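The chains referred to below are lettered A, B, ... by the order of the sequence lines, with proteins before strands, and numbering in each begins at 1. Small disclaimer: the values here were computed from a predicted structure and weren't measured.
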Protein chains: 2
Amino acid sequence: MRESEIIALFLKHLKRQGELPLGDDAGALKIGDGWLVATNDMLVSRTDVPDIMTPEQAGFKAVTMNVSDVAAMGAEPIGFLFSLGLPRGLDEDYLEGIARGIGKAIDYYEIPVLSADTNEADDLIIDGIALGRTKRLLTRSGAKPGDLVCVTGDIGRAFAGYLAWKYGLKVPESTRKALYEKFLEPRARVEEGILLSKSANSAIDISDGLSKELHLISKMSGVRIEISSWKLPIREEVWEVAEAIGKSPVEIALASGEEFELLFTVPSEKISELEVDFTVIGQVKEGKGVYIDGEPLFPLGWEHFSNRIKMF
Amino acid sequence: MRESEIIALFLKHLKRQGELPLGDDAGALKIGDGWLVATNDMLVSRTDVPDIMTPEQAGFKAVTMNVSDVAAMGAEPIGFLFSLGLPRGLDEDYLEGIARGIGKAIDYYEIPVLSADTNEADDLIIDGIALGRTKRLLTRSGAKPGDLVCVTGDIGRAFAGYLAWKYGLKVPESTRKALYEKFLEPRARVEEGILLSKSANSAIDISDGLSKELHLISKMSGVRIEISSWKLPIREEVWEVAEAIGKSPVEIALASGEEFELLFTVPSEKISELEVDFTVIGQVKEGKGVYIDGEPLFPLGWEHFSNRIKMF
């Protein structure tokens, strides 16, 4: 069964949902005059942790991927929980690396661990859960015609780092460092999410690649999105990799997943009040679909480049 | 590594905890004038789901085991989340059974699903997460000398049902029905937990067996607990199984896990105001340790009866 079929099968039986229907970065419940946000994301070592990643980086990433979903809702993370599935005979040093990574991440994001659970399993699994709170919720369905489309930070380095590693590309040490930082040690945009909750109309974190996230915002908001390739914030290091493998840096940037940057839309009159580093890459119009430089944008993913089941 | 060593290793690195330290039925955070409670518990099919259990029962149980931890904190469940690990080629009917079970459980407990996540894994895994709220928190550490020790419902049927199934015991159909109801379709004591939050001093749900839970309350509260074997609420059907296998029904009741009854302590002067069905089984005194009929009580578990890794 495909993931979409599995999801459809479950949705048929899960009629009882929160104030916000399933399908956003996180779930949400009204509590008092604000929202409680909750999300969970399972990291399966076999498919989500490339060999080059240290256990400490894997532990940190299990926190980051959940905190990032909370940030994409405009919420402040307030707690983390995790369940471990551990294969029998797992190396103690490896396990301690994971513990250290989770510990460093909760310090970095300044959130407490509320609950933890360990179990024996065939795979090494870290199922992370993050909770957050916000007065105003950012969803994938709030984009409005007239909004500007923006993205935090830069995009493409996560996938370019993977490609450099996977194909053993010879790149300068400074390039490798810049790419691996994003590929192996991405960070969630927590401060940005909290600030954006005041002005943005919609947001999503880039976990499956910019082009797929643009399609989600377009579809869930019922709007047309137009972006310009020359506006995309792509760093020099991504160009180097693109050249080495004979691909376009724009394609790499559009397909690059697990960036954990925030893609958001904001009314143009509010753009000047944003106290966040961001780049305007396009605009929201009436209609449907996603366009780049006037042409329809295909929802690119890692599978555009490889036959592997998951990028990493 | 043993589970206790793994936990110790993680605790070394997880300095940042909530207002309630790790080690209770659930984590808790102060929000406004109340508490937000959060807990997670992973169900691994290979070790937690006996062959006789239907996928629908397994799905329901994944919700129950988490809701029960919320109830044990005296909190009202407000939401459920889950992550699935699914082996490639898993039977679609089996998967739909799990979906139906989770759907029925959230209807039964009247809580919304806030977030769900699916992944490929070697094991079939359901990692459930439940959230709850309460004005007053019940912990494992609140028992006070003078409290009465009480338990909801009856105990022993879960393990007796397992034994009847495991050893193919010939018991009357009505006995089997009463045992399997608790063994395969246990229910969390939600209403009871909410009512107890007003008067009880401590609570824990029976997931590892009454004797182990008594030891946890005793240790975490720093008190001595004395119970009487003749006061234990053990149903006739447990006696039948005990006789068939030549064991004591009291031993079965003390070792029976995944009962999801609530064990709690309450000041004797408040006992008359409890609007809950319960049985007084003993009292809390100054000192330490757990005693039954005046003798030290060993923390019995399934391993007392079998060499299997987990009971179910």
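Annotation: side chain of A:F10 is in contact with side chain of B:I102 (closest heavy-atom distance under 4.5 Å). By the 4.5 Å heavy-atom criterion applied to side chains, B:D117 and A:T39 are not counted as neighbours. B:L131 places a side-chain heavy atom less than 4.5 Å from the side chain of A:L36. Looking at heavy atoms from C-beta onward, B:S83 lies out of side-chain contact with A:D41 at the 4.5 angstrom threshold. You'll find the side chain of A:D127 reaches within 4.5 Å of the side chain of B:I129, heavy atoms only. You'll find the side chain of A:F82 reaches within 4.5 Å of the side chain of B:L14, heavy atoms only.
Interface remark: of the candidates A:G27, A:G103, A:A99, A:G18, A:A99 forms the most heavy-atom pairs closer than 4.5 Å to chain B. Per-residue counts of heavy-atom pairs under 4.5 Å with chain B were compared for A:V37, A:I6, A:L9; the largest is that of A:L9. Note: A:L95 leads A:T118, A:I98, A:L95 in heavy-atom pairs under 4.5 Å with chain B. Ranked by heavy-atom pairs under 4.5 Å with chain B, the list A:E110, A:K104, A:E5, A:E19 is led by A:E110. Top candidate by heavy-atom pairs under 4.5 Å with chain A, chosen from B:L20, B:I78, B:I31, is B:I31. Comparing B:G79, B:A38, B:G32 by how many heavy-atom pairs each has under 4.5 Å with chain A, the most go to B:A38.
Across B:L114 and A:A28, no two heavy atoms sit closer than the pair CD2-O, 4.2 Å. Contact detail for A:P112 and B:L29: the closest heavy-atom pair is CG-CD2, 4.1 Å. B:N40 and A:A116 get closest at one heavy-atom pair: OD1-N, 4.0 Å. Considering every non-hydrogen atom in both A:L84 and B:M42, the closest pair reads O-SD, 4.0 Å.
Judged by distance alone, the side chain of B:D122 and the main-chain N or O of A:D123 form no donor-acceptor pair under 3.5 Å.
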*Where do A:K12 and B:E96 land on the side chain to side chain contact (heavy atoms under 4.5 Å, CB included) test, with the steps shown first?*
CA-CA 9 Å; A:K12 199 171 87 182; B:E96 178 147 20; 2.8 Å; yes
*Is there a side chain to side chain contact (heavy atoms under 4.5 Å, CB included) between A:E120 and B:R46 once you walk through the steps?*
CA-CA 9 Å; A:E120 193 185 312; B:R46 183 164 51 86; 3.8 Å; yes
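Proximity to chain A (any heavy atom under 4.5 Å) is restricted, for B:I125, to the side chain, taken from C-beta onward. For B:L43, no part lies near chain A; criterion is any non-hydrogen pair under 4.5 Å. Proximity to chain A (any heavy atom under 4.5 Å) is shown, for B:L11, by neither the backbone nor the side chain. Interface remark: B:V44 contributes side-chain atoms only to the contact with chain A (heavy atom separation under 4.5 Å).
Note on A:D107 versus B:K15: no salt bridge recorded, every NZ/NE/NH1/NH2 to OD/OE distance being 4.0 Å or above.
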